[in-house]
Protein chains: 2
Amino acid sequence: MTTTGRRTTRRTDALSRERIVDAAIDILDTEGERGLTVRALAARLATGSGAIYWHIGDKDGLLAAVTADVVGRAVTGVAGSVTPREALFAIASEVFDVIAAHPWIGAQLAREPWQPAMLRIFDSLGEQIRALGVPPESQFNVATALLNHVLGLACQYAAGARLVLQHGDPSTFLGEQAARWEQLNPSEYPFVTDIASQLPGHDDRAQFIAGIDLILAGVTAQRQAP
Amino acid sequence: MTTTGRRTTRRTDALSRERIVDAAIDILDTEGERGLTVRALAARLATGSGAIYWHIGDKDGLLAAVTADVVGRAVTGVAGSVTPREALFAIASEVFDVIAAHPWIGAQLAREPWQPAMLRIFDSLGEQIRALGVPPESQFNVATALLNHVLGLACQYAAGARLVLQHGDPSTFLGEQAARWEQLNPSEYPFVTDIASQLPGHDDRAQFIAGIDLILAGVTAQRQAP
DNA sequence: ACCTGAACACCGTTCAAGT
DNA sequence: ACCTGAACACCGTTCAAGT
């Protein structure tokens, strides 16, 4: 930037893959998935659509890069002196938070489960599972179970947040949803109609933590009685 | 059809919401998500695009209807004389199979988690969880954990199947994937590079069942020592 | 009530042409 | 090497007009 290089960085607004990714994230966050068009991207970056294609191969490629970027920034290494269990909660929280903040990530990850972004999360979880002493033959399964739990709940939360944005305020929203569930046909939805009354007091974050506890309890139980 | 009704069913090809949904499923299965356009739908049904819009509100609406239809057909009631645990495996298998057969469902469910199709699965699982004797305050959490596990693994499997279709045959595919994982930077992906050797012998279906066992083991463990 | 198909306002992507 | 912007082959959706 302010190095001795003369005109190597001609303008601060020189187009780059990085700047395109950043602009794309911004559009996705503010306008949603449908707002991200190559033309909108070009307009925001004050360039032509062809320039976008020179830096990125493809719109699909851009979406993959954008997802990897956001997830990569969120899932950082864990601080040293914590227990594996604490680290696990920390990682899961990071993932939960990043999806809550960028609701479009969920659909993106579901489309291509083994993309780099997913692998990063999977690896972070796996390390801690190993540190926890889970036997090698179970590590893959436990890591996957945790990954699915985090992703599933985060998508659920993101969808809820999206609905709250569209409709009324957060407090009444769960009540309305509960009312809708209660009005379902009990012979068709016996469980949902019954459990609807629990919905108003529901907390996604608490459920998220409870689920991790559940899976970890399963691990210990299976280790004691295999 | 061959009833006494005279011309009440003028032609067998009279357009209807049902026929549109069926055609859409067919296109999604054979051509993929990108192949499903209103024009392609109209051409296959030998009609104009306007006719499609008269029966369905919207392409989003069509996708929701299509998803509900496929999931609804797959998740049927469970036969009477089985244990809740067996029923749980049966339901989870139905969901797994339907996503494996129609890979596009995964992304569709992730986009809108509380749509009717999802609620049906959630309810079926919940009933059996209740039958299993899980305490009321845990039922919601356990049902969600199972739902997320099934959906996550099914998406993973569907993506794998998609890749197998594109690239080589299934047997070599896992080996190639393992090789790719092994070539990753071990300091960046310590867990994945380490576990890569397990991949060739990996069986999605076995992992799917192991995950359910893990969650159920967690339930019993937490009930004994809450 | 149900269907037709042209028309509108968009898309992603390419590519000759510029600097 | 990097960028421009017109052009191509599509989209979803609407709507006057038909039956």
Side-chain angles (χ1 to χ4, degrees), chain A residues 1 5-28 30-67 104 107-108 111-112 115 166, chain B residues 5-67 104 107-108 111-112 115 166:
Chain A
M1 289 261 193
R6 278 191 293 186
R7 283 195 217 142
T8 50
T9 52
R10 295 166 179 232
R11 310 172 194 142
T12 42
D13 65 341
L15 204 54
S16 67
R17 198 183 150 89
E18 195 198 348
R19 284 194 63 227
I20 295 175
V21 167
D22 283 344
I25 294 170
D26 215 54
I27 293 177
L28 283 166
T30 53
E31 321 277 338
E33 259 176 288
R34 281 202 158 91
L36 181 63
T37 68
V38 178
R39 279 170 178 81
L41 211 42
R44 176 171 300 219
L45 293 164
T47 183
S49 39
I52 306 288
Y53 282 89
W54 198 92
H55 288 277
I56 59 144
D58 200 72
K59 203 194 167 180
D60 282 347
L62 173 64
L63 280 170
V66 155
T67 307
W104 43 270
Q108 217 45 241
R111 203 182 305 279
E112 215 58 71
Q115 61 188 296
Q166 284 169 17
Chain B
R6 279 190 293 185
R7 283 194 217 141
T8 51
T9 52
R10 296 167 179 229
R11 310 173 193 141
T12 42
D13 64 339
L15 203 55
S16 68
R17 197 184 150 90
E18 195 197 349
R19 283 193 64 228
I20 296 174
V21 167
D22 284 344
I25 293 170
D26 216 53
I27 294 176
L28 283 166
D29 286 344
T30 54
E31 320 278 339
E33 258 175 290
R34 281 203 159 89
L36 180 64
T37 68
V38 177
R39 279 169 178 81
L41 212 42
R44 175 172 298 220
L45 294 164
T47 184
S49 40
I52 306 286
Y53 282 89
W54 199 91
H55 288 277
I56 59 144
D58 200 70
K59 201 192 170 183
D60 282 346
L62 174 64
L63 281 170
V66 156
T67 307
W104 43 271
Q108 217 45 242
R111 203 183 304 279
E112 214 57 71
Q115 61 188 296
Q166 285 170 16

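Reminder, nothing fancy here: chain letters follow the sequence lines and each chain counts from 1. Nothing here was measured: the structure is a model prediction, and the numbers come from that model. For the numbers below, each heavy atom of this structure counts, side chains included, while hydrogens, waters and symmetry mates do not.
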Mind calculating the distance between CD (B:E31) and C1' (D:dC11) to the nearest angstrom? 16 Å

Indicate for each nucleotide in nucleotides 12-19 of chain C, in 5' to 3' sequence, whether protein heavy atoms under 4.0 Å reach the base (B), only the sugar-phosphate (S), or nothing (-). BBBB----

Could you tell me which residues satisfy side-chain contact (heavy atoms from CB on, under 4.5 Å) with A:A51, sequence neighbours excluded, listed by chain and number? A:L15, A:T47

Suppose we screen for side-chain contact (heavy atoms from CB on, under 4.5 Å). Which residues come up paired with B:V21, at least two apart in sequence or across chains? B:I25, B:L62, B:A65, B:V66, B:D69

Considering all heavy atoms, the nearest A:G35-A:A40 contact: O-CB, 3.7 Å

Going from CG on A:L41 to CD1 on A:I27, what distance comes out if it is rounded to the nearest 0.5 angstrom? 5.0 Å

A:R111 and B:A107 have their tightest heavy-atom pair at NH1-CB, 4.3 Å

Using atom CD1 of B:I56 as one end and atom P of C:dC3 as the other, report the distance to the nearest whole Å. 13 Å

Intra- and interstrand pairs of DNA chain C - dot-bracket, Watson-Crick/G-U under 3.5 Å, | marks other strand: ||.|||||...|||||.||

Between C:dC2 atom P and B:W54 atom CH2, what is the distance in whole Å? 4 Å

Smallest heavy-atom separation, B:I52 atom then B:L45 atom, equals CD1-CD1, 4.1 Å

Scan residues 27-44 of chain B for pairs that pass side-chain hydrogen bond (donor to acceptor under 3.5 Å, both in side chains), counting only residues two or more places apart or in two chains. A:D60-B:R34, B:D26-B:R44, B:D29-B:H102, B:D29-B:W104

Does B:H55 have a side-chain nitrogen or oxygen under 4.0 Å from the phosphate oxygens OP1 or OP2 of C:dA1? no

